[in-house]
Amino acid sequence: MLQSLHIENYALIRESDVRFAEGFIAITGETGAGKSILLGALGLLLGQRADAAVLADKERKCVVEARFDIAGLHLKPLFDEADVDYDDTLILRREILPTAKSRAFANDTPVQLPFLRSLAPHIIDIHSQHQTLTLADSSFRLSILDRLGGEGGELDSYHAAYGTYAGLKRQLEELTATEAQNRRDADYLQFQYDELADARLVADEQETLEQESQLLAHAEAVREGIATAAAGLDDDSDQSVLSRLRAAKSALSHIAQYHPNVEELRARLDSSLIELDDINSSLNALAGDITYDPERQQQVDERLALLYRLEKKHGVESVEALIALRDDLDSRLQSISTLDERIQALMEQVDRSFAQVQAAADNLTAARRQAAERLAYDLLPLLHDLGMPEARFSVELTPTATYGPTGHDAVAFLFNANRGGEMRDIAKVASGGELSRLMLAIKAVQALCPTVIFDEIDTGVSGDISVAVGRTMTRMAEGMQVVAITHLPQIAARAGQHLKVYKQVTEDESRTVSRIRELAAEERLTELAVMLSSDPPTPAALQTAKELMEK
């Protein structure tokens, strides 16, 4: 349940601390006093979007903090999933900075807004004035039945089956679209593949050809250079490098026996001669291999031109990339030929999955029918107590044309408040006051949260009916915390705690602020009397207020 609420620099509230008791709590105040501001502040803690416009002082941050007792609600898995420390006392805090940035905390741990939104339905139910209109919405009616009959897990089973079916159906649609596109592209893909396949691409071929092209283009110059180098080493004359080195070696050989260092020098010279002889032989062999072949040069250039053209056409920079593209085209062409088989297999999966959806939907419908009977059975006594003794209420389930995320059912709430009248959809026959009482009765039947806040659910009711509404809220408060924002003294009088919201001009008369405080017994009597008559209240109003409090 909600234990306390701290609000700072939010709209008309400069700073306020409110403690909430157990049971039934009434909040009263004049129109515009700031009662809705409390709901707005609580909404921030439940994950609603923040707006810097709510800052009363644009230079300071806004802080909203609430303390909840969540013992016994089994919420620890939610905290574990979000990596937030769990405690039976939950402290939620939201801060809005002057820059419009927002921060949220749970038990002093920073959290994201989705965590607050996931937590909200488990800890508090805020019924705003416009929510009564949702009774006309089929999806809202379904949610009521599903919450009442959710013990068996039929809705979870349906969601799982429908999720699988929707995923498979989406895959089938995507595969069918791909198949249609591939069929349209097949001829072009085949042309591209054939062009690359006919090219007989070889990895590293381009680099080899480019080197050969360079050699062929400069064959004469290369051959002349090699011949010049070879002639310099050995040209059969006494002046060549090799002839002179041989003469030097011979001279050293004659004197090697007379000087110990000469032999080492001769050996080194001999090694040099061997290396230079080998170089000379290689130069001569290389020169013999180099010939200018115009026909071969034309072949190489044409091959390179083909490779360059293909690379430019396909926007790549290497033969390896062309090979990869060729292989990808081949795979796509192969997949086109096998796509029909894959589509057929997936269609069979979709059919099997749809059968599971149908079975799960039938189970869900059966659970909803039971919940509908339970709702009507539990609701009628409450409606009678709320001043509609002749009211009749029933739930009608009809199959929808298709299976959707919420099942195969459309639901209508049929109602008539008068004896003998035709049962019709509540949106067509119920007045505003009757809708409010219907919603109150539904909330009383469900009681899914430890705290429920009614924002003027008494709209459109008065007199004895308001007494009945207060009586119903009192019964609800026996098992939960009920907070009623009300203008009716008949309802406020039944509350165990009475909070008043009022406006006040600050001491410096610079601004108007909203304040909230708990009323003591005598203050409650006066407040109820003012609500009944005027300010100051008449003696008759004070007597009536006293009687209301004693009931």
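A ring pair (Phe, Tyr, Trp, His ring centres under 6.0 Å) check over residues 156-175, counting only residues at least two apart or in different chains, returns the pairs Y158-Y162, Y165-F354. Applying the ring pair (Phe, Tyr, Trp, His ring centres under 6.0 Å) test to residues at least two apart or on different chains, the pairs with a partner in residues 90-115 are F79-F115.
Salt-bridge formation is detected for the pair R517/E523: a Lys NZ or Arg NE/NH1/NH2 atom is positioned less than 4.0 Å from an Asp or Glu carboxylate oxygen. A salt bridge is absent between D455 and K35; no separation between the charged side-chain nitrogens and carboxylate oxygens falls under 4.0 Å. Taking a cutoff of 4.0 Å between a charged side-chain nitrogen and a carboxylate oxygen, D385 and R471 do not qualify as a salt bridge. Between D425 and R141, at least one side-chain N (NZ, or NE/NH1/NH2) sits under 4.0 Å from a carboxylate O, which counts as a salt bridge. Ion pairing between E95 and R93 holds under the 4.0 Å rule for side-chain N and carboxylate O.
Counting only distance, with no hydrogens or angles, the side chain of Q481 and the backbone of P450 share no donor-acceptor pair below 3.5 Å. Under a 3.5 Å cut-off, the side chain of T451 and the backbone N or O of L2 do form a donor-acceptor pair. Remark: the backbone N or O of P537 is not paired with any side-chain donor or acceptor of S534 at under 3.5 angstrom. Side-chain atoms of H6 do not come within 3.5 Å of backbone N or O of E65 as any donor-acceptor pair. In terms of modelled atom types and a separation under 3.5 Å, the side chain of R374 and the main chain of L148 share a donor-acceptor contact. Between the side chain of R117 and the backbone N or O of G47 there is at least one donor-acceptor pair closer than 3.5 Å. When atom types are taken as modelled, the side chain of D69 and the backbone of A71 share a donor-acceptor pair closer than 3.5 angstrom.
When each of K58, K61, R60, E59 is checked for a side-chain contact (heavy atoms from CB on, under 4.5 Å) with P98, only K61 meets the rule.
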For H498 and T28, what are the C-alpha separation, side-chain angles and deciding distance, and is it a side chain to side chain donor-acceptor pair (under 3.5 Å)? CA-CA 8 Å; H498 191 154; T28 63; 2.8 Å; yes
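If you check the side chains of T474 and R494, you find a donor sitting under 3.5 Å from an acceptor. Between the side chains of S102 and R94, at least one donor N or O sits under 3.5 Å from an acceptor N or O.
Listed by chain and residue number, nothing satisfies the side-chain hydrogen bond (donor to acceptor under 3.5 Å, both in side chains) test with R170 (two or more places apart in sequence, or in another chain).
Between I123 and I70 the shortest side-chain heavy-atom distance falls below 4.5 Å.
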